[in-house]
Amino acid sequence: MSFWRLELLRLFRTHRIWILLGVFVSFGALGPLTARFLPEIVAAVGGGVEIAVPPASPELAMAGYLGNALQIGILAIAFVAAAALAFDSKPEMAVFLRTRASVPQILTPRYVVNMLASIFSFVVGTAIAYIGSVMLIGTPLLGGTLIATLLLSVYLVFVVALTGLAASLVRSIPGAALITVGTLIVIGVVGLIPQAEAWLPSSLVGSFDALIAGGEFDYWGPLVVTVVLSLGSIGASIALIERRET
Amino acid sequence: MTHDVVEASGITKRYGTTIALDDVSLSVRRGSVYGLVGPNGAGKTTLLGILAGLRRPTKGEFTVDARRVAVLPDAPQFDPWMKAREVVDLSFNLALPGGDSAAVDLVLARTGLLDVAHRRVGGFSRGMLQRLGLAAAVVGDPELLLLDEPAAALDPAGRREVLDMVNDLRGDSTVIFSSHILDDVEAVCDEIGILSKGQIIYEGTLDDLVRGSSHLPSYRVVVRGSGDSLVTVLGSCDWVTDVIADGRSVIVTAATSAVIEQELVPCLAACDAAIVSVAPVERSLEDVFLEVTQ
């Protein structure tokens with residue numbers, strides 16, 4: 001038994017991987033379906049009132065998937081990652097780990113496994129949305145989808161890293177998850193300022209729609225900032241937890 | 001390699017205005033079993049936490065000359081979805097990577113957990129968790145083992161097994177054993193440190209503690225019939241500091257053991273009481289503990 005196997009077991013035995021996959025896969029399936037049948041759905045529930053809906057398009061299907069999946073998905077990722085990264089939440093458990101391994105030894109597999117699980121779930125959900133769109137509506141731009149998926153994966157890495165930092169500030173699992181979500185909301189609000197928008201990690205979320213619609217790649221700034229913030233969060237979390245008493 | 005595994009000097013630990021440890025100094029010999037004794041809230045867990053590197057002292061210095069240190073908290077917990085064998089196996093691999101994993105089964109058997117090794121620990125009782133914690137602690141062949149109330153949640157048989165394990169570790173590992181169960185301390189410890197209100201008020205062997213307490217030596221004289229007349233005779237002796245009748249017994253106290261050993265028997269021979277038995281009053285560790293901590 002190693003820390004790496006421990007983290008894989010944690011994901012599967014606690015069913016957390018299925019929660020992550022469930023969120024992204026379900027929205028991946030629903031995105032194209034909703035986009036394809038939106039006129040029929042609106043007509044059925046409209047009660048005779050005529051509501052104009054945009055025609056179904058691959059871009060609409062993918063955007064619908066991402067908009068819904070990210071809202072719930074980030075919440076799920078924050079709670080799943082917090083449950084692994086806030087290992088000091090129960091001091092008696094922390095004693096077992098801290099007297100046998102260094103904080104980087106304990107945290108590295110937790111960060112990596114949770115990042116990979118989040119990315120994997122997102123990629124599977126995106127693939128299902130893509131295939132569903134191809135089958136029901138039309139083929140989204142493959143290159144744009146791939147690049148957008150890559151950028152969003154970096155953003156999810158940032159979400160997990162931020163959760164780790166939150167877990168180094170508070171011991172509670174819900175506390176760490178809620179601080180993460182709150183910080184992401186604040187970053188989103190700050191992103192409303194045009195000068196800041198081009199540099200913030202939240203721009204990577206916005207890149208999805210633009211790149212799938214064939215937009216130019218203009219995200220080096222937020223990409224670099226997100227990577228730097230992720231590394232900084234991980235480093236800070238390790239330093240803070242090393243200083244924290246059990 | 002020094003003779004002492006643990007050397008602590010002037011350790012003070014404050015939590016805000018609360019002083020958990022106050023100028024604590026202690027030394028623990030390599031291969032010995034050291035009992036850290038004290039009432040609840042005396043600072044035992046804080047001191048063990050500092051020695052384990054889990055807490056930092058506010059003041060003072062300490063050295064721990066051991067590469068592998070294992071700690072058993074008083075209420076060990078593990079991820080409930082882990083199986084007992086996985087807990088011990090993880091502990092083994094972290095302590096002795098690449099070692100012979102047969103040790104895992106041996107320790108599970110030794111702690112009585114082999115039959116439940118495949119079960120998830122979420123369903124374990126507190127006693128089983130304590131056994132599992134002990135198994136995880138000893139499987140890595142620790143040079144220093146810090147046990148915080150290791151037998152507190154165990155039934156009498158389990159307690160005996162834990163004490164036997166600690167006895168077996170003597171010589172190979174150094175054990176610091178915190179407890180307020182004095183019988184356990186008496187059974188396994190070579191030396192003890194008594195912590196009271198954050199201070200070490202005694203450090204040494206149990207024998208020295210009992211012998212060196214402020215209690216004056218006493219003998220119990222059992223007589224046939226009433227002991228009142230013997231009380232009168234002994235009360236008139238100038239070497240007697242105290243004499244009380246307790247039914248058919250008379251308890252006589254003197255300033256020193258030498259005096260009472262020299263004077264008591266001639267004095268008894270001179271009076272006409274029918275003596276059934278004469279024996280020193282043995283003091284338990286509990287008596288001495290209560291005396292020094294109050």
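Lettering of chains follows the sequences in order, A, B, ..., and the numbering in each one begins at 1. Excluded from the calculations below are hydrogen atoms, water molecules and symmetry mates; all remaining heavy atoms, backbone and side chain alike, are included. Remember, predicted model here, so these are calculated numbers, not experimental data.
- Within a 6.0 Å radius of CG in D155(B), other residues, nucleotides and ligands contribute more than 12 heavy atoms.
- When heavy atoms are compared at a cutoff of 4.5 Å, S2(A) approaches chain B solely by way of its backbone atoms N, CA, C and O.
- Surrounding CZ of R126(B) are more than 12 heavy atoms belonging to other residues, nucleotides or ligands, all under 6.0 Å away.
- By number of non-hydrogen pairs under 4.5 angstrom with chain A, the leading residue of N93(B), L72(B), D74(B) is N93(B).
- In terms of heavy-atom proximity, P73(B) sits nearest to E92(A) at CG-O, 4.2 Å.
- Only the side chain of R120(B) comes within contact range of chain A, with heavy atoms under 4.5 Å apart.
- For a residue to count as touching a neighbouring chain, one of its non-hydrogen atoms must lie under 4.5 Å from one of that chain's; by this rule V104(B) does not touch chain A.
- Residue S101(B): no heavy atom, backbone or side chain, is found under 4.5 Å from chain A.
- In Q105(A), the CD atom is crowded: over 12 heavy atoms of neighbouring residues, nucleotides or ligands sit closer than 6.0 Å.
- When all heavy atoms of A136(B) and R100(A) are compared, the pair lying nearest together is O-NH2, 3.0 Å.
- Between M1(A) and D89(B) the shortest heavy-atom distance is N-OD2, 2.8 Å.
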Audit row: R98(A), V71(B), side-chain contact (heavy atoms from CB on, under 4.5 Å) steps and yes/no: CA-CA 10 Å; R98(A) 279 173 172 264; V71(B) 181; over 6 Å; no
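- At a threshold of 4.5 Å between non-hydrogen side-chain atoms, the residues L6(A) and M82(B) count as touching.
- Residue-environment remark: CH2 (W4(A)) exceeds the threshold of 12 foreign heavy atoms within 6.0 Å.
- Counting heavy atoms from C-beta outward, T99(A) and L54(B) have side chains that approach closer than 4.5 Å.
- Residue A95(B): no heavy atom, backbone or side chain, is found under 4.5 Å from chain A.
- Closest non-hydrogen pair, F78(B) versus M93(A), comes out as O-CE, 3.3 Å.
- F96(A) places none of its side-chain heavy atoms less than 4.5 Å from the side chain of P76(B).
- Distance NE2/H15(A) to CH2/W81(B): 12.0 Å, rounded to 0.5 Å.
- Enclosure of atom CZ in R243(A) is not indicated, since only 12 or fewer non-hydrogen atoms of other residues, nucleotides or ligands lie within 6.0 angstrom.
- Checking R10(A), R13(A), K90(A) one by one against D79(B), the side chain to side chain contact (heavy atoms under 4.5 Å, CB included) holds for a single residue, R10(A).
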